[in-house]
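Worksheet: one structure, shown below.
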Amino acid sequence: MATSATTASDEPLARAAARPGGDAARRRPHRTSPGLRWILPGFVVSAGLIYFCIAYSGYVSLLPWDWRPRRPATLEGLGSYGRALQDPLFWTSLQHTLVFFVAAYVVQCALGIIFAAMLHSKVYGGNLFKILIFVPVVIAPAIMAPVHRRVFAVDGPINWILERLGLIDVDAVGSRNWTGWLSSGLAQIGLADVTPNWIQPSTSLWVIVAVQVWSSVGIAFILFYASMGQIDPEVLEASRLDGAGNLRVLVSVVVPGLKPTIVALAILNAITALKLFDYPYLITAGGPAHSSEFLGTYIYAQLFGVSSHYGYAATLSMLLLVLALALSITMSRSARERRPGRKVKGVGL
Amino acid sequence: MFELRSRTARLGLTAVLVVMVIPFVIPLYTMVYGSFQGRGWDNYRSVMALEGFYTYFRNSIIISVATIALVFLLTMSASFGFSKLRIRNKEVYFWVLMGALTMPEVVLLTPLVILVSEAGIAGTFWAVIIPLVALQIPFTTLLTRSYVDGIPDSLFEAAHIDGAGTWKQFWYVLVPLAKPMAAAIVVLVMINSWNAYLLPLVLLGQADGNMVVTQLPNSFRTQYTDDQTRILAGAVLAALPEIIAYVALQRHFERGMAAGAIK
C-alpha cells in the first residue's frame with residue numbers, strides 16, 4: 001500500500017506532467033540546501049547497525065568458533081557453509097518453514113476472506129466479532145505461548161471437546177485414546193502413530209501452524225475487510241441482477257478484486273515463516289526430536305544450547321539472510337507491479 | 001457482501017459466525033478460566049507478590065517509550081529529508097535502507113550477542129532499544145516517506161517564503177500534517193516493542209529485575225516447575241494492558257497493524 005514512494009523522484013517528469021494536477025511540481029525537489037543531516041541519524045542507527053551486524057556475522061561464520069568464550073585467531077574459511085548445506089537439520093528446518101508457510105497462508109486467506117465477507121453482511125454484533133478475531137493479533141506470542149501449551153495439553157480443552165464429541169475415550173488409568181472406529185480409520189490412512197497427544201513428533205508442527213493461524217487471521221481479515229469496502233456496490237448489484245447468488249458473487253466478483261491483498265499476504269507470511277521463533281521456542285522448543293524445528297530455533301540452539309557454536313550460528317544466519325534478501329527483491333518487484341491497481345475501485349468483469 | 005433478505009437469514013449467518021469464532025475464543029477462555037482454577041483470586045495475588053513483579057512492566061514501558069520516541073523522531077526527519085530536501089544520491093541511501101526491510105531479528109542475534117558481551121553493555125536497556133529501533137526504521141520510513149510525498153511542496157514553499165527555515169518547516173508544517181501516519185507508526189512500534197521477546201531475552205539477560213513483560217508468564221515455568229494456574233494468571237496480567245489499549249483505540253490499532261502488514 002505504501003510502496004509507491006520508492007521511485008517517486010526518479011520517475012520521468014513527463015509521465016507525472018501528463019497527469020492532471022500539480023504532480024510535476026510536487027515531484028521536483030524544491031530546496032537546494034543539503035538535507036543529508038536529516039536522513040543521517042536514522043540511516044546510521046538502522047542501516048549502520050544492521051549492515052555492520054551482517055558483515056560481522058559474515059566474518060564470524062568463517063571462524064571455527066566452538067565451545068570457547070574467546071574469539072579464535074584462525075579462519076576456518078567456507079567449510080562451515082558446506083557443513084550447513086549437508087546438515088540434515090538445516091534442511092528439516094527449511095522444510096518445516098515451507099510447510100508452515102503454505103499451510104498457514106492458505107488457511108489464513110480462506111478464513112480471512114470468509115470472515116470479511118460475513119462481517120460486510122448484515123450480521124448482529126459485528127464489532128464484537130471483529131474484536132474477537134483481531135485480539136489474537138495484538139497479544140504478544142510469547143505471552144500466549146504458555147496458554148497454547150495448555151490448550152493442546154493432553155488434558156486440555158481441545159481433547160476435552162473431542163471427548164465430548166465422542167471422538168476420544170478415557171480409560172480407567174486416565175490415558176486418552178481415539179474411539180475404536182476413528183483409531184482404525186487413522187490406521188487405515190497410515191496415521192496409526194497419531195495419538196490424542198498433540199506435542200509429539202507427528203503433530204507438533206501442526207500445533208505451531210494452528211497457533212499461527214489463530215494469531216494471524218485477524219490481520220488477513222482486516223486487510224480483506226478494507227479492500228472489500230472499496231468494491232463498488234453497483235457492480236455487486238449488477239451481478240445480482242444477472243442472477244448470481246451469494247456464493248457466486250463472492251467467488252467470481254469479490255475474490256478477484258482481492259488479488260493485491262492476497263499477494264501482499266503471501267509475502268508477509270513468507271517473512272513471518274522465516275522469522276518464526278517465539279511460538280516454536282516456547283510451545284514445543286523445536287521438538288520433540290526436532291519435529292517443529294525452524295531456522296530461528298535452530299540458530300538459537302546453536303548459540304545457547306549445551307555448547308555455544310558461534311561460528312555455525314553465524315553461518316546459519318547468513319543463509320537465512322540470503323533467503324530474506326531473495327524475498328525482499330521479490331517483494332519490491334511485486335510491489336511495483338501492484339502499484340497501478342493499488343486501489344481496487346470496482347472489479348474488472 | 002452476502003445479501004440477507006430476511007431476519008431468519010441474518011440470524012442464521014450470525015449463528016454460523018458464532019460457531020466459526022469459537023476456536024478464536026478457546027485460548028482466551030482457557031487463559032482466563034485456568035487462571036482462576038484452584039485458589040481463585042489468590043493466583044493473581046501470588047503472581048503480583050512475585051518479587052520484582054512491577055519491574056517487568058516498568059522495563060517494558062521504558063523500552064517501549066524510548067523505542068517509540070526514537071523511531072518517531074528518526075523516521076520523521078528521515079522522511080522529510082528523503083521526500084522534500086535535496087540530497088545527492090538520495091535514492092542510493094533509500095535503497096540501502098530498504099535492503100534492511102525484511103531483516104529477521106534472528107540474523108542479528110549472533111553478532112549482537114557477541115558484540116554486546118564484548119562491549120560489556122549486556123543487561124542495559126540500550127542493548128535492546130537500539131536494535132529494536134534499527135529494525136523498525138526501514139519500514140516506518142518507507143511508510144512515512146510515501147505519505148509525506150503526498151503533502152504538496154507548495155506548503156513548504158509558502159512557509160519558506162514566510163521566512164521559516166528547515167527546522168520550522170519540519171516542526172510546523174510536516175509534523176502536524178503527518179499526524180495520521182504518526183498514529184499508525186506509534187501503534188505499530190508500540191506493539192512490536194511491547195511484544196518483543198527474543199531480543200530482551202538474549203540482550204537484557206534473565207537476571208532478576210531485567211525481565212520484560214513477555215517473560216512474565218514463562219518465568220513461572222522455570223521457577224515453580226510448570227505451575228499452570230500462576231502461568232495463566234501471569235499471562236492474563238501481561239496481556240491485559242494490550243487488550244485494554246486495543247479496545248480503547250480499536251480503529252488506530254486496526255489501521256496501524258494493517259499498514260504494518262503491507263510491507
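All chains are named by letter (A, B, ...) in the order of the sequence lines, taking the proteins before the strands, and each is independently numbered beginning at 1.
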For chain B, the option from Val211(A), Val44(A), Val123(A), Leu274(A) that forms the most heavy-atom pairs under 4.5 Å: Val123(A)
Residue selection (most heavy-atom pairs with chain A, distance under 4.5 Å) from Val133(B), Val236(B), Val213(B), Val18(B): Val18(B)
Phe170(B) ring center near Trp38(A) ring center (under 6.0 Å): yes
Partner chain A: residue of Pro111(B), Pro23(B), Ala196(B) with the largest heavy-atom pair count (under 4.5 Å): Pro111(B)
Residue selection (most heavy-atom pairs with chain A, distance under 4.5 Å) from Ile130(B), Thr214(B), Val16(B), Ile26(B): Thr214(B)
Which atoms of Ile131(A) approach chain B - backbone, side chain, both or neither, heavy atom under 4.5 Å: both
Heavy-atom pair count under 4.5 Å with chain A, highest-scoring of Val25(B), Leu112(B), Leu115(B): Leu115(B)
Chain B contacts, top residue of Leu128(A), Val217(A), Leu282(A) (heavy-atom pairs, under 4.5 Å): Leu282(A)
Tyr124(A) atom OH: more than 12 heavy-atom contacts under 6.0 Å: yes
Side chain, backbone, both or neither of Leu49(A) within contact of chain B (heavy atoms, under 4.5 Å): side chain
Side chain Asn195(B), main chain Pro141(A), donor-acceptor under 3.5 Å: no
Choice from Pro27(B), Ser35(B), Ala235(B) maximising heavy atom contacts with chain A below 4.5 Å: Pro27(B)
Residue part contacting chain B, namely of Ile50(A), when any heavy atom lies under 4.5 Å: both
Ring centre gap for Phe115(A) and Phe24(B) strictly below 6.0 Å: yes
Structural part of Val96(B) lying under 4.5 Å from a heavy atom of chain A: both
Engaged part of Pro41(A) at the chain B interface, taking heavy atoms whose separation is under 4.5 Å: both
Heavy-atom proximity to chain B below 4.5 Å, by part of Met144(A): side chain
Parallel, tilted or perpendicular, as decided by the 30° and 60° cut-offs, for the rings of Phe43(A) and Tyr93(B): perpendicular
Residue selection (most heavy-atom pairs with chain A, distance under 4.5 Å) from Gly81(B), Gly99(B), Gly234(B), Pro104(B): Pro104(B)
Residue Ile243(B) versus chain A: region with a heavy atom under 4.5 Å: side chain
Any donor-acceptor N/O pair, Tyr246(B) side chain to Phe134(A) backbone, under 3.5 Å: no
Heavy-atom pair with the smallest gap, counting every atom of Ile39(A) and Ala78(B): CG2-O, 3.4 Å
